[in-house]
Peer 1: 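Handing you a structure now.
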Amino acid sequence: DLHEMRSRETARQLKEDIDRVDGLLLIGETDQALAMVAEIEKRHPGQTQILSLRARAEAHKAQEDRSRRLAEGTAEVKARLRNSEFDWAISTIDTLLKEFADNLDLQRLRKHATERLTAKRRLDRIASLKSESASLIERMEFDAAIRALETGVAELGDDGELTRLLQTAIAGKAARERERAVSTIVEETEQLRRSGKLDDAIRSVERAVRIWGEEPPLPELMRQLADEKRAQDRKHAIGDVVRKAEALID
């Protein structure tokens, strides 16, 4: 009868509409599919098939939104990594991992970002240590420079420049200690010299030369003392001759 024919026609149209929605979902036209579902609901209110159809369409929409969030987030992470913004990249990855905890790409990106951040921090600390140590060496604060560099090399490893700076600091300290020691010896020698104790003064300089080598002004001081010693010996010799002559005259 007519009612039955209308029912069959309605069922056929509903099936066609459902098939069209499924086709739209299949090719990724989710927004268009949801709009069509709304139209079908108006034409066929209360149909359980339509409820199921809406659920499928909304699930597709949710999955698309989720995939978009993952793709956009991953693109942002890679852009930050290219710009060496490692802290921001890790923060973005951690936010994404709350929703995509099992995503292997995100896990690999986080490992890579963490390694790059660690390497960058190491290089930054080495650069800071170089600058700080160079300033200490320039101010002749050798002990502080040596402590900082030895601690830095033990903790951060060496890039060649740290060892060179350490050697410079050690050499600078040794040179300053040598300079101070020689200065002290020169001062003591001058006191002996003024007291007329030229033999003691010469022995003091000879000991210094054995320890420190031809460190200025030791060679020149030694020459001066030798000249004075020869003059003193000559004076003493003349005095002895005079005294002997006077004794003979007497």
Side-chain angles (χ1 to χ4, degrees), residues 1-131 152 154-161:
D1 61 1
L2 185 60
H3 177 71
E4 186 176 344
M5 288 175 61
R6 286 177 178 174
S7 295
R8 283 198 299 270
E9 179 62 18
T10 299
R12 185 187 63 75
Q13 289 178 353
L14 179 58
K15 184 177 183 308
E16 285 183 358
D17 289 341
I18 290 173
D19 289 343
R20 285 179 62 195
V21 169
D22 283 333
L24 290 170
L25 292 176
L26 187 63
I27 63 175
E29 297 291 343
T30 310
D31 289 332
Q32 190 176 342
L34 280 168
M36 190 170 180
V37 168
E39 292 177 6
I40 296 171
E41 285 173 331
K42 291 176 184 177
R43 293 198 300 270
H44 307 280
Q47 291 283 345
T48 55
Q49 291 170 288
I50 301 174
L51 294 176
S52 176
L53 183 64
R54 172 169 284 284
R56 288 203 306 280
E58 289 177 346
H60 270 268
K61 178 65 174 175
Q63 182 58 43
E64 281 184 4
D65 290 344
R66 191 169 184 271
S67 297
R68 188 188 69 255
R69 286 194 300 275
L70 177 60
E72 290 175 352
T74 301
E76 180 185 352
V77 166
K78 291 179 179 179
R80 291 192 181 280
L81 288 174
R82 283 192 291 272
N83 293 329
S84 298
E85 298 174 0
F86 304 118
D87 285 310
W88 280 102
I90 291 171
S91 176
T92 303
I93 292 170
D94 287 343
T95 299
L96 289 169
L97 282 171
K98 291 176 183 177
E99 184 177 0
F100 306 99
D102 297 330
N103 188 276
L104 294 179
D105 286 338
L106 287 176
Q107 292 170 11
R108 284 192 288 267
L109 281 170
R110 195 186 195 289
K111 181 175 182 293
H112 172 71
T114 302
E115 290 171 350
R116 292 287 304 278
L117 178 60
T118 300
K120 181 178 181 296
R121 285 176 175 171
R122 176 181 175 273
L123 291 177
D124 288 346
R125 290 181 63 190
I126 287 176
S128 176
L129 178 58
K130 287 178 184 177
S131 176
E155 181 182 351
L156 303 171
D158 185 25
D159 68 341
E161 182 69 10

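Position 1 is the first residue of the sequence, and the numbers go up from there. Remember, predicted model here, so these are calculated numbers, not experimental data.
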Peer 1: Are any side-chain N or O atoms of R116 and backbone N or O atoms of S84, one a donor and one an acceptor, separated by less than 3.5 Å?
Peer 2: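 No: the side chain of R116 does not pair with the backbone of S84.
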Peer 1: Identify the two heavy atoms, one from E155 and one from R125, that lie closest to each other, and give their separation to 0.1 Å.
Peer 2: OE2-NH2, 2.7 Å
Peer 1: Can you tell me if R66 has over 12 outside heavy atoms packed within less than 6.0 Å of its CZ?
Peer 2: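 Yes, because the 6.0 Å sphere around CZ of R66 holds more than 12 heavy atoms from other groups.
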Peer 1: Would you check if the side chain of T95 reaches a backbone N or O of S91 as a donor-acceptor pair within less than 3.5 Å?
Peer 2: yes
Peer 1: Strictly below 4.0 Å, N to O, side chains only: are R69 and D65 in salt-bridge contact?
Peer 2: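 D65 and R69: not salt-bridged.
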Peer 1: Using side chain to side chain contact (heavy atoms under 4.5 Å, CB included), reason through R56 and L53 one step at a time and then give a plain yes or no.
Peer 2: CA-CA 5 Å; R56 288 203 306 280; L53 183 64; 3.2 Å; yes
Peer 1: Starting at CG of L109, measure out to CD of Q107 and round the result to the nearest 0.5 Å.
Peer 2: 10.5 Å
Peer 1: Can a donor-acceptor pair be found, under 3.5 Å and without considering hydrogens, that links the side chain of S128 to the backbone of D124?
Peer 2: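 Side chain of S128 to backbone of D124, a donor-acceptor pair under 3.5 Å: no, none is there.
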Peer 1: Okay, side chain of T114, backbone of R110: is any donor-acceptor separation there less than 3.5 Å?
Peer 2: yes
Peer 1: Is the shortest distance from a Lys or Arg side-chain nitrogen in D94 or K98 to a carboxylate oxygen in the other one below 4.0 Å?
Peer 2: no
Peer 1: Do you know which of T74, L106, I93 makes side chain to side chain contact (heavy atoms under 4.5 Å, CB included) with F100?
Peer 2: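 Of T74, L106, I93, side chain to side chain contact (heavy atoms under 4.5 Å, CB included) with F100 is met by L106 alone.
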Peer 1: Is it the case that atom CG in N83 sees more than 12 heavy atoms from other parts of the structure closer than 6.0 Å?
Peer 2: yes
Peer 1: Does a salt bridge link D105 with K78, judged by any charged N lying under 4.0 Å from a carboxylate O?
Peer 2: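 No.
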Peer 1: Let's go through E115 and T118 carefully: what are the C-alpha distance in whole Å and the side-chain angles of both, what is the deciding distance for side chain to side chain contact (heavy atoms under 4.5 Å, CB included) to 0.1 Å, and is it a yes or a no?
Peer 2: CA-CA 5 Å; E115 290 171 350; T118 300; 5.7 Å; no
Peer 1: Table please: side-chain donor-acceptor pairs of residues 23-33 below 3.5 Å, with sequence neighbours left out.
Peer 2:
from, atom 1, to, atom 2, distance (Å)
T30, OG1, E64, OE1, 2.9
T30, OG1, E64, OE2, 2.2
D31, OD1, K61, NZ, 2.9

Peer 1: In Å and rounded to the nearest 0.5 Å, what is the CZ to CG distance from R68 to L70?
Peer 2: 11.5 Å
Peer 1: At their closest point, which heavy atom of L81 faces which heavy atom of A113, and how far apart are they?
Peer 2: CD2-CB, 3.6 Å
Peer 1: Taking the basic N atoms (NZ, or NE/NH1/NH2) and the acidic carboxylate oxygens, is any pair closer than 4.0 Å for R80 and E76?
Peer 2: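 E76 and R80: salt-bridged.
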